[in-house]
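Only this structure's heavy atoms are used, side chains among them; waters, hydrogens and symmetry mates stay out. For clarity, every value in this text was computed on a predicted model and none was experimentally measured.
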Amino acid sequence: MAIFCTIYYILSYIETVPQIIKLIKTKSSNDYSLGMISIQLIALISWSIYIFTSVQSIVVYVGTIIDLLLLLFVDFLIIMYYKFNKKGVEWDE
């Protein structure tokens, strides 16, 4: 069963990395739904609480931590660029 858990985490990371790259390249998050991202974060926090209050394999603990950190980073970028763009100021590189 650990193989399915590993497959889940790998696919989850593959899903998240392009979002991070897009946010950094475009420096815009106006096309992201803040509601969807909030629901995703609440779901992952609930999952994390469940995982860390039960006995799991090390793969599950490490995978959950990495998954949570990646989603928090995506959320940070979305909020940072969303607020930044709402002020009407362009990003200087």
Side-chain angles (χ1 to χ4, degrees):
M1 288 308 208
I3 188 71
F4 293 113
C5 184
T6 305
I7 291 170
Y8 164 77
Y9 285 122
I10 290 170
L11 294 176
S12 178
Y13 305 152
I14 290 171
E15 171 191 27
T16 306
V17 170
Q19 291 179 21
I20 293 171
I21 292 169
K22 178 192 174 283
L23 284 164
I24 291 172
K25 283 178 124 177
T26 64
K27 296 186 180 19
S28 174
S29 65
N30 293 337
D31 56 343
Y32 283 87
S33 166
L34 294 178
M36 186 269 308
I37 295 297
S38 299
I39 290 171
Q40 209 175 16
L41 182 61
I42 292 168
L44 188 55
I45 288 172
S46 299
W47 171 255
S48 299
I49 291 170
Y50 168 74
I51 290 302
F52 288 106
T53 57
S54 61
V55 178
Q56 302 291 331
S57 70
I58 192 71
V59 171
V60 176
Y61 292 128
V62 172
T64 299
I65 290 170
I66 294 170
D67 207 10
L68 188 57
L69 290 175
L70 282 172
L71 185 60
L72 287 173
F73 186 61
V74 168
D75 291 347
F76 169 76
L77 290 174
I78 288 172
I79 291 169
M80 183 177 79
Y81 292 135
Y82 185 80
K83 286 184 178 181
F84 190 77
N85 287 336
K86 282 295 186 184
K87 293 179 185 175
V89 179
E90 292 298 320
W91 183 270
D92 294 329
E93 291 183 343

Starting from [Y], can I reach [X] by hopping between I/L/V/M/F/W/Y residues whose side chains sit under 4.5 Å apart?
X	Y	value
Met36	Ile78	yes
Leu71	Ile20	yes
Leu69	Ile42	no
Leu41	Ile39	no

Return the set of residues passing side-chain contact (heavy atoms from CB on, under 4.5 Å) with [X] (not counting sequence neighbours), or none when no residue passes.
X	result
Ile21	Val17, Lys25
Tyr13	Tyr9, Ile66, Asp67, Leu70
Ile58	Val62

Could you go through residues 47-55 and list every donor-acceptor pair under 3.5 Å that involves a side-chain atom there, pairing it with any protein atom two or more places apart or in another chain?
from  : atom 1 : to    : atom 2 : distance (Å)
Trp47 : NE1    : Thr64 : OG1    : 3.4
Ser48 : OG     : Leu44 : O      : 2.8
Thr53 : OG1    : Ile49 : O      : 2.8
Thr53 : OG1    : Tyr50 : O      : 3.1
Ser54 : OG     : Tyr50 : O      : 3.1
Ser54 : OG     : Ile51 : O      : 3.3
Ser54 : OG     : Gln56 : NE2    : 2.9

Which pairs with one or both residues in residues 4-16 pass salt bridge (Lys or Arg N to Asp or Glu O under 4.0 Å), sequence neighbours excluded?
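For residues 4-16: none.
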Can you run down the salt bridge (Lys or Arg N to Asp or Glu O under 4.0 Å) pairs that involve residues 29-38, sequence neighbours left out, and say none if there aren't any?
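Passing the test, one end in residues 29-38: Lys22-Asp31.
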To the nearest 0.5 Å, what is the distance between CZ on Phe4 and OG1 on Thr6?
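Here the interatomic distance stands at 10.5 Å.
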Measuring from atom CD1 of Ile24 to atom CZ of Phe73, what distance do you get when rounded to the nearest 0.5 angstrom?
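Spacing of CD1 (Ile24) from CZ (Phe73) equals 4.5 Å.
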Taking all atoms of both residues into account, what is the closest heavy-atom pair of Ser29 and Tyr81, and its distance?
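Scanning both residues, the minimum pair turns out to be OG-C, 3.6 Å.
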Contact summary for Ile45 and Leu68, nearest pair of heavy atoms:
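Between these two residues, the closest heavy atoms are CG1-CD1, 4.3 Å.
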Quick one: which residue pairs count as a side-chain hydrogen bond (donor to acceptor under 3.5 Å, both in side chains) with a foot in residues 35-45, not counting sequence neighbours?
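Qualifying pairs: none.
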